[in-house]
Amino acid sequence: MIRISSQFDSGAIEVLDCSDVSNIRLNLPSDNAAAFRQWFHFRLQGARGQACSISFENAGQSAYPAGWDGYRVVASYDRRSWFRLSAGQYDGERYTFRITPEFDSVYFAYFEPYSWERHLELLGEADAAPVATVSDLGATPDGRDLNLITVGRPAPGRRNVWITARQHPGETMAEFYVEGLLRRLYDTSDPVSRRLLERACFHVVPNMNPDGSVRGNLRTNAVGTNLNRAWREPDMQGSPEVALVRAKMEATGVDMFLDIHGDETLPFVFIDGNGMVPGFTDAHREQERRFTDALLAASPDFQMAEGYAPDRFTDELLTLASKWVYHRFGCLALTLEMPFKDNANLPDGLFGWSSARSQRLGAATLQALLAALDDRAAN
Ligand code: ZN
């Protein structure tokens, strides 16, 4: 007997028909209060040893249809090790993939899930680290805690570095990235981390969208707001997550900001800077260059050739976190994107882009932040 279920943390799927393993028909569900759809996470039981063909019938109506071209589903038997299946077929409407499960249960997800339990463990790890503290910024619409991890201490002359992740809850790679960055920052035998904490205090929001994460949303919070379009005018009804973080930023000041994301379509790691924001200066361009040069040296997973077109966000520019922060604080402020697919310049046949690579990239980014801080100190 075949069964498909998704009643668990970040679970998301709609079953149309699973009576025939050779033609399992599913729909991608939309976010709970908005029309975006692309994230999925579900469990298939009872198909061990049977050749299964599984289709997302409405893939063509997802938020990023081009995301299905060449995409490989992430799967796990034990929920610890997640691996990639062979690329499915996308015909512009349906996305179909195949698997012959080796065990009675197999889980599938758009990307390796990052659970709320793991998030709480990350906060516990921070509390236990001598250099870090955890504080509460307020409550989300569903009543979950929005937490801030502070690493190092504010002091005169010490810069304030802000990092936010998972405004878009389906982009779980963003929280894995933060995990890797934080663990290196806690390491008191790491010279890069020691130097950084001499010069800067870190303010890190590892999950900007707790409700959307648990609900299995792709892009929005519990009341349907795309938080990364709410930075110009956040409010406590529709976007309390942004309002609370913005208020804290105003209290600490911001000297450097990274907003961490995943991109459904482009198979590359890239950044989106502020060259298109009015008032962008040569000094800021130079500081962005210091950062990107250092990240290129620190991680071959990073590249500068591919990314968003400069005019991609023209109309909504200052509603985006990194653009709003640049405009408000006049500091280095970047959106960093990792792929849902793989890094086409350095592909991994078994795992594609993965939690482990996201963590490594987060750790490597500290080198680039140090280079960018050094640059400003030299001016
Ligand atoms: Zn995003």
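First listed ligand is number 1; within each ligand, the first listed atom is number 1.
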Tell me which N, O or S atom of His168 sits nearest to the Zn ion (ligand 1).
ND1
Does Glu337 bring an N, O or S atom to within less than 2.8 Å of the Zn ion (ligand 1)?
no
When you compare the side chains of Trp231 and Ser322, does any donor N or O come within less than 3.5 Å of an acceptor on the partner?
no
For the metal site, I want the angle between atom ND1 of His261 and atom OE1 of Glu171 with the Zn ion (ligand 1) at the apex, to 10°.
90°
Between Phe340 and Tyr71, is the ring centroid distance below 6.0 Å?
no
Evaluate the ring planes of Tyr110 and Trp68, with Trp represented by its six-membered ring, and classify them as parallel (under 30°), tilted (30 to 60°) or perpendicular (over 60°).
tilted
Between Asp263 and Tyr308, a side-chain donor and acceptor under 3.5 Å
yes
